[in-house]
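Everything on this sheet refers to the single structure shown next.
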Amino acid sequence: MTEDRPSTVGVLLAGGLARRMGGGDKPMKTIGGRTILERVIGRLAPQCDGLILNANGDPARFAAFGLPVVADTVEGFAGPLAGVLTALDWAAEHRPDVEWVLSAATDCPFLPRDLVARLQRARIAEDAQLAVAASGDQTHPVIGLWNVALRGDLRHALVVEDMRKIDRWTARYKLATVTWPDKPIDPFFNANTVEDVAEAEQLAALDGA
């Protein structure tokens with residue numbers, strides 16, 4: 001932990017239903033001989049003070065990765081906001097020394113290696129309550145920094161207001177946005193379909209990873 005990189009726990013969001021992939025676990029698809037989840041862990045583990053995996057269903061299928069697997073604390077597959085809330089609750093209980101949680105999708109095999117550092121620097125510089133990543137002209141609301149102190153507000157939004165869109169919730173707070181170049185590879189490229197996985201194979205060769 002440093003002044004411009006406070007202790008940060010990472011949550012890998014794998015709670016989706018993978019409908020566009022024909023069902024199953026998207027992060028277990030392989031690119032260049034490694035699962036997407038392996039790639040995400042490899043990118044984020046050096047940047048975070050611990051990782052957890054948010055996934056529903058049988059946690060045993062992820063046992064080989066050695067991460068705590070935490071199911072949504074809000075029922076009904078409420079989307080990525082439910083995964084973020086789950087991570088904030090987990091951090092409050094298990095890592096009371098940590099004030100910040102980084103969320104990231106587990107279908108993004110090329111995440112930037114300076115993700116946490118740049119988000120934290122922007123948040124501090126802009127005195128923001130949250131921070132989110134962007135590339136080119138597109139924001140990626142699933143990939144961002146969340147303050148554990150906001151978990152009560154987020155639970156109310158999810159449970160009482162039935163809020164599902166991340167953008168609607170983050171609009172209530174001062175938000176720092178950090179943009180990465182999307183050439184030659186968009187670091188937030190996400191493998192949502194079988195075709196995306198095939199494209200990621202080619203991009204992995206360019207990335208040298």
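Sequence positions, counted from 1, serve as the residue numbers for this chain. What you see is a predicted model; the values in this text were computed from it and never measured.
Defined by atom type and a distance below 3.5 Å, a donor-acceptor pair is missing between the side-chain atoms of Asn147 and Tyr173.
Between the Arg43 side chain and the Cys108 main chain, no donor and acceptor come within less than 3.5 Å of each other. Side-chain N or O atoms of Ser103 include one that pairs as donor or acceptor with a backbone N or O of Val142 at under 3.5 Å. Of the possible polar contacts, one joining the Arg39 side chain to the Ile31 backbone as a donor-acceptor pair under 3.5 Å is found. Asn56 places no side-chain N or O within 3.5 Å of a backbone atom of Ala71 that could act as its donor or acceptor partner. Listed for the Lys29 side chain is no donor-acceptor partner under 3.5 Å among the backbone atoms of Asp107. Between the Thr139 side chain and the Ala134 main chain, no donor and acceptor come within less than 3.5 Å of each other. Of the possible donor and acceptor atoms, none in the side chain of Gln129 sits under 3.5 Å from a partner among the backbone N and O of Leu175. Using modelled atom types, one side-chain atom of Gln47 and one backbone atom of Arg113 make a donor-acceptor pair closer than 3.5 Å.
No more than 12 heavy atoms of other residues, nucleotides or ligands shown are found within 6.0 angstrom of CG on Asp137. Dense packing is recorded around CZ of Arg61, with more than 12 heavy atoms of other residues, nucleotides or ligands lying under 6.0 Å away.
Listed here is the closest heavy atom pair of Val11 and Gly83: CG2-O, 4.4 Å. The shortest heavy-atom contact between Ala82 and Val74 is CB-CB, 4.4 Å. Residues Leu119 and Gly144 come closest through the heavy atom pair CD1-CA, 4.2 Å. Minimum heavy-atom separation, Asp72 to Thr86: CA-OG1, 3.3 Å.
Of the residues listed (Val69, Leu102, Ile52, Leu44), the one engaging Leu12 in a side chain to side chain contact (heavy atoms under 4.5 Å, CB included) is Leu44, and it is the only one.
Residues Leu85 and Arg151 have side chains in contact (heavy-atom distance under 4.5 Å, counting atoms from C-beta outward). For the pair Val9 and Val148, the minimum side-chain heavy-atom distance is 4.5 Å or more. Counting heavy atoms from C-beta outward, Thr170 and Val132 have side chains that stay 4.5 Å or more apart. Counting heavy atoms from C-beta on, the side chains of Val84 and Ile166 never come closer than 4.5 Å. Under the 4.5 Å side-chain criterion, counting only non-hydrogen atoms from C-beta, Asp89 is in contact with Arg155.
We find that Glu161 and Arg172 are joined by a salt bridge, their nearest charged nitrogen and carboxylate oxygen being less than 4.0 Å apart.
Within the structure, no pair that satisfies the salt bridge (charged side-chain N to carboxylate O under 4.0 Å, His left out) test touches residues 139-149, not counting sequence neighbours. Among residue pairs with one or both ends in residues 111-146, those qualifying as ring-ring contact (aromatic ring centres under 6.0 Å, His included) are His140-Phe188, Trp146-Trp169; sequence neighbours excluded. A side-chain hydrogen bond (donor to acceptor under 3.5 Å, both in side chains) check over residues 176-185, counting only residues at least two apart or in different chains, returns the pairs Asp114-Trp180.
Atom-to-atom distance recorded for Asn190:CG and Ile143:CD1 is 8.0 Å, nearest 0.5 angstrom.
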